[in-house]
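In the text below, chain A, chain B and the rest are named by the order of the sequence lines, each starting its count at 1.
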Amino acid sequence: MNRLKPIAVAAEALRAVTDPQHRWIAVCMGTGCSSAASAELRQALAAELAQHQQGVEVRRTGCFGFCAQGPIVVVYPDETFYTRVRPEDAAAIVVQHIVHGRPVEALLFREGPDKHPAPKWHDISFYRKQQRILLSNCGIIDPENIQHYLAREGYQALVKALDTMTPEQVIEEVTRSGLRGRGGGGFPAGVKWGLARQTPRWPKYVICNADEGDPGAFMDRSVLEGDPHSVIEGMIIAGYAIGAEQGFIYCRAEYPLAIKRLRTAIAQARELGLLGENILGSGFRFDITINEGAGAFVCGEETALMASIQGERGQPWPRPPYPVVAGLWGQPSNVNNVKTYAYVPRILRFGADWFRSLGTEGSAGTAVFALTGQVERTGLIEVPMGITLREIIFDIGGGIPGGKRFKAVQTGGPLGGCLPEAYLDTPVDFDSLRAAGAVMGSGGMIVADETTCMVEFARYFMRFVCDESCGKCPPCRIGSRRLLEILDRIAAGQGEPADIEAIHHLADGMQKGSLCALGQLAPAPVLSALRHFEEEFWAHIREQRCPTASCQKLVRAPCVSACPAGVDVPAYLALVAQGRYAEALAVHREANPFAAICGRVCPAFCEDVCKRGGVDDPIAIRHVKRFMADHEYTVPWTPPRLAPKKDIKVAIVGAGPCGLTAALRLAQLGYQVTVFERMPQPGGMMTYGIPAYRLPREVLFAEIEHIRRAGVEIRCNTELGRDITIKSLQADGYAAIVLALGAHRSRRLGVPGEDLPGVYHGVALLRDIALGKLPDLRGQVVVVVGGGDTAMDAARSAWRLGAQAVHVVYRRTRDEMPAIPEEVRGAEDEGVQFHFLVTPVAVLGQDRVTGVLLQRQRLGDFDKSGRRSPVPIPGSEFVMPCDLLVPAIGQVTWVDDEAVALSRQASFRVGKAFELGIPGVFAAGDAVTGPATVVQAVAHGNQVALVVDHWLKTGELGGVYYRPKRHDIPQLFNLDDYAEARRPAPRVLSPEERRHLPGFVEIELGYDERTIQEECKRCLRCDLEWLQRIGEPLP
Amino acid sequence: MAGLTIGFLRRACETERTEHEVSPMPTLTINGQRVVAPEGATILEAARAAGIAIPTLCHHPDLSNVGACRMCVVTVEKARGLQTACTTPVAEGMVVHTHSADAVATRRFVLEMLLSDHPNACMTCEVNGACELQDLVYEYGVAWPQHKGSRHTYPVDPDPNPFIVIDRNKCILCGRCVRACAEIQNRDIWSFAFRGFETKLVAGADQPLLEAGCESCGQCVAYCPTGALFDRMSVGKGRIGQVTRVRTVCSYCGVGCQIDLHVRRDGGRGRIVRVTGAADAPVNGLALCVKGRYGYDYVHSPERLTRPLVRAKWLDPDELAQRVGDNRWSVIGDADKRRSPVTGHDSPISPDTFIAVDWDTALDVVARKLAAEKAAHGGDSFAMLASAKCTNEENFLFAKFARQLMTTNNIDHCARL
Ligand code: SF4
Ligand code: SF4
Ligand code: SF4
Ligand code: FES
């Protein structure tokens, strides 16, 4: 090999980028920060420095990736990281920091619960798990100064290749490094180069695919803007390796800054003899042309890209022949992504083994992602391959903002797939993601929180694909439109059950029949959404309900959507506002017969989503409900019969909220209904689980009485498996049997000593109290284990029974407690002491409980429920002495009937129509869902009744949905008058009053009529807005 | 005749590659049958040569292959996904299944998609019975889709071109017209505009055809597999089952394109209702020029010359009177030549009146006048223009006539103009 001309590196540049003592200020000039006025900022800094006679360099740099916090300024050598810096802040930075050496506190990035400022950029958790290889020059060098690149050993890989390696050796090295194409396909780059080299035709071309088109993705742009020479160097090396003299960079015209920087870089490289004839005297010749694309997503597909370079319509060609054989103008062409080329100089410099050592076995190196969506910290990140999704989203991204839960993450952009919580531990690499049903893609990562509707999510990507399909082949051109049309219909509530089938059919046809990857992969987002969130699609189709209340046409009002039973909230609020309480209650009872009960115990899902909550406070919906029900419940109500009386007997087993609701609905439909209940009183958990201080007995029994009045017979003290069996019921002529058994059996702690006397399960305690067997707990120390509603009820009941001290131990923190927050607050008010992050490991005592051995926990990673799971801290055990230990960590269903025995499961597994597999036998309620709320049980009761009715009539299972009627009630006052009105403060008995009142007196007080009516008028009447939206007349 | 399109280039490159390969005639297996094909051939070509049918829509043997319609997909063992037979080159040892379950399902899907955006108009469609889409839908038994999706409603016949009718609603975007125009006619008038479902076949920059530079040759019509492009003169004149094809040679020029006259016989008299190129003709295939394709209306024109006409002043007055008298010659009225010849003694005959005479008389007049002119002014007072419509032999005779009899070199030919 001939000796190459050495490249001279300016001493000044060397000092600027390599001297660890060098004092300079980096101002990010990527597209993100530039659009936030970083150019003005840079000038302001320079002016301030000049004014204070500080000879400090202000340097434009590439993107730091933390664009949402931009403009970013970093002061070196101390690496102080300033975010959201405005031009006005220049003075502070120069005077305080540069002149006086004191960092400007106000501009530091703050994070964590205590909002602690992070002075150095590597201290910020956004950067802590990152590994910046490809982006290592971004934020350091001036991308428009080739000397900076050279000073960072730039073009040394080219020198090495030209000087010491044959083209074959270069290909061998790249192959050995395991570098896979970063455009999404993941094809081994070295292998591709080898194929291009082998094709015995000339000329050959090196093409760089910089047509980054994924919505929200800007990985390639950042590399081109921040470190353009790395791409150019990679392309020259590729040219040398495959035997090409001409390179093309196909870059979208929407990236003017990237194109400008590339132009500058190419001109500078030419000047130094790094491009053009006889590069560095080696005899090798190579040059690069930039082609500007017109912004068609499909031009990111390599054959469409080449068609576009040829000046034709950007439409893909079929392969084979592959571009390495016949590509641009029919010549062998090597097409790689920006990042793939940019890795190459690093691989040649540090060796294939170094690259292999990063990342995983099958996917070497790092991955660059644009993290966007509902995640605390968005931006551009570079991480080692093999990192988990959880680490990216929670550790780097900081989790989901606003205390919301994670729902799904879409990788691979609009052609990728979404993954739910259960897949958060999937390692991020080509093969693992593909196995999980998503793809690596070119690096988009979109996070969705629990408020995201997956139908809408899928629809968004499908709309994108429809707009971007090139139109060449029918499967994609027409198939994508048909898919979008179906999704549009589903989102508008006009979906049909057959649509799910149709989606699969269209998706299959597109995947198999489409010409290019766009059409083949386009159905992936819909399919993955359907795979992981099928129920959500069904809710839209069957119930015309959008569970996240996002689909505009389906959401009459968010409160109605959120209510499991679909109660028409705005209608009864409007009626109560007018004093029409009986009508209001009738509206409620159509969906939920237990207004007075739910007015007291419902967690009020409706209030969580109430629009007014976004203005000031949500409407006090539960209180309104309680008021109207209390106003009326003593008036005997005979539920209307909706169908003629039939001579068909139906048995309901279990007189809880689900069983009673099902019984009521079936009786209304004309059936002869008998409810069998094992306890002496009906009501199930409403009677035996919820203490009377929350739900007074007279209210409870009055509402159950209405059900009897519908013609339902309730037989108490009759237990399934003992007094009756499935067989005996069938023999007695019951045409259908609904098991609404609830979930009564307390979960065991699974620790030694838990069978000692003095272990009193929460469920048992509450049941005994309801049965009147009040244990005397005076002077005793009670420890309750658990964080749910049963634990709260048990703790507060223990306090009422005179316990000297009540402790609640819970293995996570307060934030993770499933109990209704008001209950937790109530318990606290009553003096219950909470101990978080502890869990029992043994119950202590000889023949009676004397204490419990607890172990401290710390919060580890997020588990399947989306909460951080507790991890034991070894050696942290301590004893908590007690007289009574009350486990309340959950309940399971239990039944002793051979026909429907539950072996090990906690609940029944039923089909879509609640069927148990035995003809005519159904199960619903807590026995299916596990412990839930009254209103969820009611919703099940409504639904199972309809299913049973349909089955009895037609023999078909499913296909019917309980949809409460819609009531359009006019608004009779001016809403503007209530713009300032606020939700009334809660009224409860004080703890002192509670202690001095005998027994379990109700502690929550209602409001007076006037307050309630005024409160109703605060409702924004989302339902009327919706009527306008769908074009129906206002009432 | 091929234009420089990508497809052609790529095919050319493929052939070029042949030189470097070891086996010049790869052997492959199609549906269990051993097939030998020339290197560079596509699976489709290999299969068809072996008598194995693979359905196609966007493919035409005269045109480059683009792999757009996806009808020809086949399963190739060891290859990922389905391959389009029309574009995939054969390779040694390849195992192909043309009717695998996936391939058939995909074809059905493609047809289903195409139908979902197609007017259900076969009843009135000009190409009913001669439509490739219809044939495939029939073969694959695809039902008319009952869906709520959108269909295009482009205006029918939006283009003023006198020879071509466009109905984009029937267009399946196969691109055959695009390639026919570019590769055969070298005009490159057609292309696709817009994206996705809105993709539309446009002439020029979405202009009327003639404004876009169209020559009205009708090549695009000839290659359209559906009724999206059709010959305007033939609209409503008779569909494929109602006509007889008569093979003949175009009479316009000496190239000798073979054409099929579509003749409709209702009762006795036949009428030419359409002219198409003859696919199997070695000279032209389906291609024709605007005259050959659309210039056939003269055949049934009342103005057509069927007998020699001579002005009265060149005839002998006595003979004229006598022959007109015994009805052997007839007087052609000047007033309205569109009407049938007017006969009768009392019609006034002016010196310029045309008289329909017998051939001998007419040729005598010509010979007499030529001889007189030559005698009076010399041979160079004469010039002769021959026609491309004539055969070589006839043109040879013309040259001989001019040079030897008229003694002049003033002879030329319209093709030189
Ligand atoms: S403002 Fe009214 S209608 Fe809207 S969510 Fe709240 S309660 Fe429901
Ligand atoms: S008529 Fe001929 S020139 Fe005109 S568009 Fe068709 S093929 Fe092209
Ligand atoms: S007009 Fe005919 S040939 Fe042209 S793209 Fe449409 S269907 Fe194909
Ligand atoms: S005939 Fe092969 S894709 Fe159309």
Side-chain angles (χ1 to χ4, degrees), chain A residues 198-201 296-298 303 306-307 310 312-321 325-332 463 465-486 488-489 494 496 502 505-506 508-516 519-520, chain B residues 4-14 16-17 19-20 57-58 65-71 73 79 81-84 86-89 91 102-103 105-117 145 147-150 172-175 178 191-200:
Chain A
Q198 272 162 34
T199 307
R201 267 184 304 113
F297 178 68
V298 72
T303 58
M306 291 185 293
Q310 290 180 184
E312 290 159 35
R313 181 175 162 90
Q315 288 190 325
W317 315 321
R319 298 169 304 182
V325 173
L328 190 61
W329 289 300
Q331 295 304 116
R463 201 178 305 128
V465 165
C466 274
D467 290 344
E468 295 295 343
S469 161
C470 84
K472 180 167 178 176
C473 68
C476 171
R477 175 179 76 234
I478 311 176
S480 63
R481 167 61 72 108
R482 299 289 171 247
L483 259 180
L484 178 64
E485 283 166 351
I486 292 182
D488 282 348
R489 279 209 306 274
Q494 283 145 15
E496 292 156 10
H505 175 67
L506 286 163
D508 188 59
M510 286 178 73
Q511 287 174 325
K512 291 203 179 104
S514 294
L515 195 167
C516 80
Q520 288 162 5
Chain B
L4 280 186
T5 66
I6 319 170
F8 260 64
L9 269 169
R10 299 175 83 224
R11 284 288 297 283
C13 298
E14 280 307 283
E16 194 183 319
R17 195 159 62 98
E19 295 152 25
H20 313 280
L57 275 174
C58 70
N65 285 313
V66 292
C69 76
R70 323 302 295 163
M71 274 310 289
V73 286
L82 297 166
Q83 306 288 319
T84 40
C86 70
T87 59
T88 310
D102 271 357
T106 300
R107 287 177 204 147
R108 290 181 55 92
F109 179 73
V110 167
L111 293 170
E112 206 182 290
M113 288 299 106
L114 290 175
L115 280 195
S116 78
D117 184 30
H147 69 95
K148 308 185 191 80
S150 47
I172 58 169
L173 300 177
C174 67
V178 179
S191 60
F192 295 126
F194 311 110
R195 279 190 278 211
F197 193 69
E198 309 309 331
T199 305
K200 179 187 170 194

To the nearest 0.5 Å, what is the distance between NZ on A:Lys472 and SG on B:Cys69?
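Taking NZ in A:Lys472 and SG in B:Cys69, the distance rounds to 10.5 Å.
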CZ/B:Phe197 to CZ/A:Arg482 distance, rounded to the nearest 0.5 angstrom?
4.5 Å
Considering only heavy atoms, which portion of B:Ser191 lies under 4.5 Å from any heavy atom of chain A: side chain, backbone, both, or neither?
neither
Against chain A, label B:Ala105 side chain, backbone, both or neither, depending on which of its atoms sit under 4.5 Å from a heavy atom there.
neither
Heavy atoms only: give me the nearest [X]-[Y] pair and the separation to one decimal.
X: B:Gln83; Y: A:Arg319; result: OE1-O, 3.8 Å
X: A:Leu515; Y: B:Val66; result: CD1-O, 4.3 Å
X: A:Gly471; Y: B:Thr199; result: CA-OG1, 3.3 Å
X: B:Pro89; Y: A:Pro321; result: CD-CD, 4.3 Å
X: A:Ser469; Y: B:Arg195; result: O-CB, 3.4 Å
X: A:Arg477; Y: B:Ile172; result: NH2-O, 3.3 Å

Answer yes or no: is there a donor N or O on one side and an acceptor on the other, between the side chain of A:Lys512 and the main chain of B:Phe109, under 3.5 Å?
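Looks like no, no N/O pair under 3.5 Å.
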Pick from [options] with the largest number of heavy-atom pairs that fall under 4.5 Å of chain B:
options: A:Ser514, A:Ala502, A:Gly509, A:Cys466; answer: A:Gly509
options: A:Pro475, A:Ser480, A:Cys476; answer: A:Pro475
options: A:Glu485, A:Arg313, A:Gln511; answer: A:Arg313
options: A:Asp467, A:Leu506, A:Ile486; answer: A:Leu506

Option that, when pairs with chain A are counted at under 4.5 Å, heavy atom only, ranks first among [options]:
options: B:Asp102, B:Leu111, B:Asp117, B:Val73; answer: B:Asp102
options: B:Leu114, B:Thr88, B:Thr84; answer: B:Leu114
options: B:Met113, B:Lys200, B:Arg70; answer: B:Arg70

Tell me, for A:Glu496 versus chain B, whether the close heavy atoms (under 4.5 Å) come from the side chain, the backbone, both or neither.
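For A:Glu496, side-chain heavy atoms alone lie under 4.5 Å from chain B.
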